[in-house]
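To start, the structure itself, in structure tokens.
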Protein chains: 2
Amino acid sequence: MSKKNKDSIVIPTAVIKRLPKYHRYLEQLVHEGREKISSQQLGDIVGVSAPQLRQDLNYFGNFGQQGYGYNVKKLYNSLAEVMGIQNKSKMVLVGVGNIGQALVNSKDFEKRSFYLSAIFDSDPKLIGSEINNLEVKDVATLKDYIRENNVDIGIIAVPGSVAQEIADNMVESGIKGIWNFSPVDLKTPQAIQVENEHLTEGLLRLSFKVKDE
Amino acid sequence: MSKKNKDSIVIPTAVIKRLPKYHRYLEQLVHEGREKISSQQLGDIVGVSAPQLRQDLNYFGNFGQQGYGYNVKKLYNSLAEVMGIQNKSKMVLVGVGNIGQALVNSKDFEKRSFYLSAIFDSDPKLIGSEINNLEVKDVATLKDYIRENNVDIGIIAVPGSVAQEIADNMVESGIKGIWNFSPVDLKTPQAIQVENEHLTEGLLRLSFKVKDE
DNA sequence: TAGATTGTTAATCGATTAACAATC
DNA sequence: TAGATTGTTAATCGATTAACAATC
């Protein structure tokens, strides 16, 4: 068994934040046909120190080999497994407004192991219409749909004023994680994972940094 | 002078990340007509500890009053000033694809002190068309436009393969900050502020956390 | 004035980096 | 075997929390 049993150890959030970045650069290296890489080299590419990279990876297993480094393909696959990208995740999206439509039309999901199984809105004018081969369903049927179809992830792209209500519905029907694009902080039980994309906050941070210069 | 001169002190990035959140909740409290608030109360609402909130605020000045707390309106305005939201920021957007269109149609900017001054694309089929009263300009004219119009912030919503090139153009023509929606890490001079919205990374993080449960 | 709550220093906690023995 | 590079422990750095004097 090459991978350690570290189930009891909590992964620092700082480490979790870096994982997708490692994955992205490794994907690129795989495409370039690179075979091996040292922690120093990969660290330089990704923009972290070599010891930090090794520390991070070793939370999940011993993927390298002394005197050699890391096999790119193997490390990439190991990381994909760690991140749960091996098995496909079923998603639903609620809110077919500006951002919602952008997400529905995006090709990024398919490239990864995520796929949109259904999309919902509350606007009668939109319900029944089709976007990227997906029929817009009535949000009133959301809970039943999630329950019956074993949905993993719910995407919230509705106005802040109704986001909590949608989140509650998702939680009640057994969703595992929520990808939140609405500009509010959702109140959810500990067991439910939430990832926020508070876009306006990003712009405000940028504004501060620009002004501060 | 109620505000300290702390220009020489570097603001921790962790603090900068929290500022927009404080601003958002304070905006809400102002709307609700709340007059005063203690660090304990505001911390509870925002989800940070009271001492942390006080520490954070005191990087920028002494906004509170012993025995009283903070005047909501005053604190909100002070924070807006700190974040550079007092003076309007002029932005251009490059890439009128899925995300780009969503941003153009979004009403969030106008509510804040940001406004889109022009939008660009490289697709001849899109150039000349109109989105939300903005004509899509040829990206070949981007550099001249930024220079002539004193643009503050450039939004990059193009595919990763051309993002660096657009960023280079922006930097050369004197942009101050870049809001990057492309899935690459841009190479820019230190003086240029960059804020990344790597949406796919958010989804991957969520996937990891869901799987890890 | 007495009570409340800030601003700030000191103590703790967590995350990063340095160093090096283990080993391919 | 000798050189290279990992995995991991120890040292440092930064960020958060605790505590309390200052003061409204």
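Each chain gets a letter, A, B and so on, in the order the sequences are listed, and its residues count up from 1. Model, not experiment: these values are computed from the prediction.
- Between B/Arg18 and B/Val48, the closest side-chain pair of non-hydrogen atoms falls below 4.5 Å.
- Nucleotide D/dC24 is matched to C/dG3 when pairs are restricted to Watson-Crick or G-U wobble geometry with both distances under 3.5 angstrom.
- C/dC13 is paired with D/dG14 under the criterion used here, namely a Watson-Crick or G-U wobble arrangement in which both key atom distances are under 3.5 Å.
- Of the listed nucleotides (D/dG7, D/dT6, C/dT17), D/dG7 has the atom at the smallest distance from the side chain of A/Asn62.
- A/Ser39 has a side-chain polar atom (N or O) that falls below the 4.0 Å cut-off from OP1 or OP2 of D/dT6.
- Inter-residue side-chain proximity for A/Val72 and A/Lys36 is flagged as unmet; no heavy-atom pair is nearer than 4.5 Å.
- Residue A/Ser49 has a polar side-chain atom (N or O) positioned under 4.0 Å from OP1 or OP2 of C/dT17.
- Between A/Phe63 atom CZ and D/dG7 atom C1' the separation is 12 Å, expressed in whole Å.
- Ring-plane geometry between A/Phe120 and A/Tyr145 is classed as perpendicular, the angle between the planes exceeding 60 degrees on a 0 to 90 degree scale with a lower cut at 30.
- Projected onto DNA chain C by closest heavy-atom contact, A/Val15 and B/Gln41 fall at different nucleotides, the more 5' of which corresponds to B/Gln41.
- A/Arg205 places a side-chain N or O within 3.5 Å of a backbone atom of B/Lys17 that can act as its donor or acceptor partner.
- Across the protein-nucleic acid pair, A/Gln52 atom CD and D/dA10 atom C1' stand 17 Å apart, rounded to whole Å.
- Inter-residue side-chain proximity for B/Leu203 and A/Arg112 is flagged as unmet; no heavy-atom pair is nearer than 4.5 Å.
- In terms of position along DNA chain C, the nucleotide closest to B/Pro51 lies nearer the 5' end than the nucleotide closest to the other residue of the pair B/Pro51 and A/Thr13.
- For B/Arg54 and D/dC20, the CZ to P distance is 14 Å, given to the nearest whole Å.
- The pairing partner recorded for D/dA19 is C/dT8, the criterion being a Watson-Crick or G-U wobble arrangement whose two distances lie under 3.5 angstrom.
- The separation between B/Gln66 atom CD and C/dA2 atom C1' is 15 Å, rounded to whole Å.
- Rounded to a whole Å, the CZ atom of A/Arg18 is 12 Å from the C1' atom of C/dG14.
- Remark: P of C/dA22 and CG of A/Asn58 are 16 Å apart, rounded to the nearest angstrom.
- Between A/Asn71 atom CG and D/dT6 atom P the separation is 13 Å, expressed in whole Å.
- A donor-acceptor contact under 3.5 angstrom links the side-chain atoms of A/Gln55 to the base of D/dT9.
- Taking only distance into account, the side chain of A/Gln65 never meets the base of C/dT23 through a donor-acceptor pair shorter than 3.5 Å.
- With D/dA15, C/dT5, C/dA15 as the choices, the nucleotide that has an atom nearest any side-chain atom of B/Ala14 turns out to be D/dA15.
- Between A/Lys36 atom NZ and D/dG3 atom C1' there is a gap of 11 Å when expressed in whole angstrom units.
- The side chain of B/Tyr70 lies closest to C/dT6, out of D/dT6, C/dT6, D/dG7.
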